[in-house]
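Sequence lines set the chain letters: A, B, ... in the order given, protein chains first and strands last, and positions in each chain run from 1. As the structure is a prediction and not an experimental result, all values here were calculated from the model.
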Amino acid sequence: MTLLLDMVTTAAILFIVAAGLLAIFGVLKIINFAHGAWLTIGAYCAVATAGLGLNPWLALPIAFAVGAILGGITELVIVRPLYRRPLDAILATWGLGIVIGQLITLWFGRDVQFTPNLLSGTVDVFGVGYSLYRLFAVAAALVIGLAFTFLLEGTRLGLSAQAVIMNEMLARALGIDTARVRLATFMVGTGLAALAGVLLTPLTSVDPNMGVAWLIGSFMLVMVAGSSFSTLAIACLVFGGAQVLVSTFVSPIFGGITVAVLCALVLRISPKGFARA
Amino acid sequence: MHENRSTPARVWLFAALALAAAVIVIIGPALFDRFTLNVLTRSMIYAMLAVTVDILWGYTGILTFGQAAFFGTGAYASAMVLSHLGASPALMVLALALAIIVPVLLGAFVGWLSFGHGSTPLYATVISLVVPIVVTQLVFSGGVWTGSSSGLVGYSGLPLGLPGYFRLTGICLIVTAVVALVFTRSDAGKLLVAIRDNEARCAYLGLDPQRLKIVLTTILAGVAGIAGFLYANASGVVAPENTGFVFGTEIVIWTALGGRGTIIGPVIGAIGIDYLSAQLSGDLPFLWNLVVGALFVVMIILLPNGLAQLARMVLPRGNEQASPSGSPTLAAEPAGSGSEAGNRVLAVGGLGKSFGSLQVLQGIDLDVHPGELVSLVGPNGAGKTTLMRCLSDGTEATTGTVTIAGQDISGMTPDEIVALGVGRKFQVASVFDSLTVADCLRMARASRNAPSLLRRSATLGLPAAAADILRSTGLDRMLGRPVSLLSHGQKQSLELAMVVALEPKLILLDEPTAGLTKVERTTIGATLQKLTGELGFAAILVEHDLDFVRDISTRIVVLHQGKLVLDGSVDQVVNSEVVRTIYSGGAHA
């Protein structure tokens, strides 16, 4: 039972972390390698919120706003000239990630920081005590997933974004301001990444390089998922589940690379990943 | 990248540079203190890696973070032999051998994984991220064998001492850089740029870009392994960080800052940044990384070709344009055996192609004989281009058979079909924009005359038919000119010359005159008539301009809604009812 819960909650956490990256890759076809840095920014927003003595839950909106604003600046200055050079965009955003990591180090120091728990304690699930926070993560993942579905299906921005995904030239010819759609998408994606950073704080230690560890896993999941949130959810369940199984029954060290290796194999067999249909 | 013509002056300059570098390496131990020697030894090993990344990324266009994995594998293979078995001369040889063999095997596997059929450039980058992560985790889980997270330390290496290691790595770096420079400037080295520019065109010139990339990955994995062996010996310690993807990104950063596609730039970038890091990181550790990171971002956006590009802008140098000594002269190549008249070059039976439930082509039967110029006409969406694709790629057709020179092509890849004698000219001129006219044509001959790995030929051997096209279009006076400076019509003519230089039995031309002037059109028409009428090539031409078709064709085939509705002589087709109906209201009928 615990195993099953572990699988689901791991998948949920992976989903939360990868969602921001997917939003950006799905619409812009740009891989934001500074994604890890935004997770870190979010986590440090939680640190700063706690430092100011505010309610730890306030960190969520603050992180989203900070992440989105910084993301907006990034899109305008760094990403915009690179849409035609996607491989260079990977490099430039990676370099930006280094810069952000060093700035955080200069500001907060390189030591591990601690944040107050958002939710503590355990709860009984079918007679097994289980971490309340991990269960909350499942709920958070569902909220993010549903909110995104609504954003894509139910709003003007979402429709424009879908149009840009399908046929950018046509979208532009129809009068959609693709530059604005891109800016908005990038801001949503980076805001989400920062939000995910806050949600990660109770689960991992907070230090200036914490994001890098999460970057590759999310990157691989997004490669497999393509541009759809539902396929991302499936990918997270499959590969997150596999990760828990390997960690439990083989070795935690191999568990850490399960997602990356399995995703690479899936992409080898089917270059479009799970997004075939 | 930028066509550095191997004018003698340039060769001398490189030789002088290499010599100067060698002198510094030899007398270095007398000039530098211990700290500097130590750091520079490490920097020079890193510079070797930067050279390999430059060949893969700067020249061939494969962004890779995986060189760190090969480097780490080589370092660990050496360190494991030296710590667990010992450091006798025989074991030292074993360590070196394993430091090469293990990365080479890994490289071959990674290459096969990255560049299999249908893989995207992004996928190769993805794999190059996964491999270092996997290797690092293997090191962590290796227990006493790999020293896990603390790495291996305290083994004895080559008995050289600090000055000795400095000289050894210096010489290895110079050899690596010189070999890389000679190779990338040779005829064969232009293949890398051709692959980067236009991989599909490479395949349709009978080359196998996938295989070339796998070979390249394998060889450069071995070079990274040698660097790993040097590192394991010189530093006396190997750690998991040496194999990781973060290290892989650092190599890419050095390469980018130094200037991709120049070999020397990445060498200077790696040595400069690593050396400065060691000097400055004591005083301002985070600030330095901040500066490097910020510089890197700015560089990628504004100066994608790195400091070398800046140097090129600041230092005026010999004109990069066609210099007389740089452009090769045409040489006649003996014509291959012509195809025997009478035999069918192409036989198509019951060919069909569908996308899902949409039937694009069905029941196509068509024979083409040597010397025929068959025009394929029909309204937009009739399936003309699809038919051409089915004739040049054996994996395209859904049903039926295509036989070329007596051989069924089903399942064959484009380069294998080129080997059977099919040349395809695309609708949009498909050439190599970063190469010169002569280099493009040499690519077309590369599958026949293996290009030199060392030299840049002074002559360009072409079959007479291809040389004629160059002369009639004036391209023969522009052999040294970069393709990016050609006009649209010149590019079309160049591509036609490239296809003819393959000496195909059958040429497929998809609207070769689209967007050309009247004069250019007449020249191409005359060329095609000569190729088929006098030289015995067979050609299939997709064309919209019925007047043009009427003037030059020996036969016309009409395609309508995926079916072949008419196949006959020019007069039969032009005067037929069917054509009038299909084109009813059209200007031509």
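A side chain to side chain contact (heavy atoms under 4.5 Å, CB included) with A:M223 is found for exactly one of B:V126, B:T125, B:L129, namely B:V126.
Contact of B:L138 with chain A is made through the side chain alone, with heavy-atom distances under 4.5 Å. Within the 4.5 angstrom heavy-atom criterion, only side-chain atoms of A:L82, from C-beta onward, approach chain B. In this structure, the portion of A:I216 lying under 4.5 Å from any heavy atom of chain B is its side chain and not its backbone. Contact annotation for A:L106: only side-chain heavy atoms (C-beta onward) come within less than 4.5 Å of a heavy atom of chain B. Proximity to chain A (any heavy atom under 4.5 Å) is restricted, for B:V130, to the side chain, taken from C-beta onward. Proximity to chain A (any heavy atom under 4.5 Å) is shown, for B:I133, by both the backbone and the side chain. For A:L103, the parts lying under 4.5 angstrom from a heavy atom of chain B are both the backbone and the side chain.
Checked against the 6.0 Å centroid criterion, the rings of A:W94 and B:F65 do not qualify as a close aromatic pair.
The line from CG of A:L267 to CG of B:L122 is 9.0 Å long, rounded to the nearest 0.5 Å.
Annotation for A:F108: atom CZ counts as buried by contact number, over 12 foreign heavy atoms lying within 6.0 Å.
Taking the ring pair (Phe, Tyr, Trp, His ring centres under 6.0 Å) definition, one finds that B:F140 meets it with nothing, sequence neighbours left out.
Of the listed residues (A:A260, A:P208, A:C263, A:S251), the one with the most heavy-atom contacts under 4.5 Å to chain B is A:A260. In terms of heavy-atom pairs under 4.5 angstrom with chain B, the leader among A:L91, A:L87, A:V99, A:I257 is A:L91. The candidate from A:I98, A:D88, A:T93 with the greatest count of non-hydrogen atom pairs under 4.5 Å with chain B is A:D88.
Residues A:G95 and B:F296 share a closest heavy-atom pair of CA-CD2, 3.6 Å.
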For residues 240-250 of chain A, please give each side-chain donor-acceptor pair under 3.5 Å, one per line with the distance, not counting sequence neighbours.
unit_1: A:S247; atom_1: OG; unit_2: A:Q243; atom_2: O; d: 2.8
unit_1: A:T248; atom_1: OG1; unit_2: A:V244; atom_2: O; d: 2.6

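Looking only at distances, no side-chain donor or acceptor of A:R268 sits under 3.5 Å from a matching main-chain atom of B:Y123.
Contact check for B:N289 versus A:T105: no side-chain heavy atoms found under the 4.5 Å cut-off. B:I301 has its side chain out of reach of A:V77: every pair of non-hydrogen atoms, C-beta onward, lies at least 4.5 Å apart.
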